[in-house]
Amino acid sequence: MTIATLPELAEAVRAFGRERDWHLYHTPKNLTAALIVEAAELLEPFQWLTPEQSLNLPAAKKEAVRQEMADVLIYLVSLANCLDIDLIKAAEDKLAINAAKYPVEKAKGNAAKYDEL
């Protein structure tokens with residue numbers, strides 16, 4: 001199966017869960033909890049690494065990161081499916097909000113939070 005777009009991924013994730021009757025367990029609360037667990041697992045391969053080491057992962061660690069990123073994405077898409085949220089539109093809207101909070105002339109080269117710029 002080849003998936004090329006976020007809507008195609010959303011449908012594939014929906015079908016995967018439907019085939020297994022996972023809709024019985026895929027509530028917003030449960031999906032959010034699972035998402036947080038997977039996000040924490042994403043951090044594990046980076047634990048104790050220097051910034052430079054984290055940019056140059058060995059193949060096995062990079063594959064572990066790849067797998068955890070996939071888990072995070074799948075749970076996020078499952079949550080969006082459950083709540084009928086268009087992730088592309090949500091991201092587009094959030095980028096517009098962040099652009100207003102972090103104007104280039106104030107935020108460029110600065111890691112400060114928007115209320116500290």
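When reading the values below, keep in mind they use all heavy atoms of this one structure, side chains included, and skip hydrogens, waters and symmetry mates. It should be emphasised that the depicted structure is a prediction, and the values quoted were computed from it without experimental measurement.
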Residue [X] excluded, over 12 heavy atoms near [atom1] under 6.0 Å:
X	atom1	answer
D115	CG	yes
Q47	CD	yes
E44	CD	no
K101	NZ	yes
F46	CZ	yes

[Y] and [X], any side-chain heavy atoms less than 4.5 Å apart:
X	Y	result
P45	L57	no
E68	E38	yes
K61	L49	yes
L9	L73	yes
E41	L43	no

Answer yes or no: is there a donor N or O on one side and an acceptor on the other, between the side chain of [X] and the main chain of [Y], under 3.5 Å?
X	Y	value
N56	E52	yes
E116	A112	no
Q53	T50	yes
Y102	Y114	yes

Report summary line: One should read off an interatomic distance between I74 CD1 and L31 CG, to the nearest 0.5 angstrom, of 12.0 Å
Query raised in the report: What distance separates H26 NE2 from S78 OG, expressed to the nearest 0.5 Å?
Result: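 OG of S78 is found 5.5 Å from NE2 of H26.
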Query - R18 to F16, cation-pi by 6.0 Å centre distance and 45° axis angle - result: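 No, R18 does not lie over the aromatic ring of F16.
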What is the minimum heavy-atom distance between [X] and [Y], and which atoms define it?
X	Y	result
A10	V77	CA-CG1, 3.5 Å
L117	K106	CD2-O, 3.6 Å
I3	A12	CD1-CB, 3.7 Å

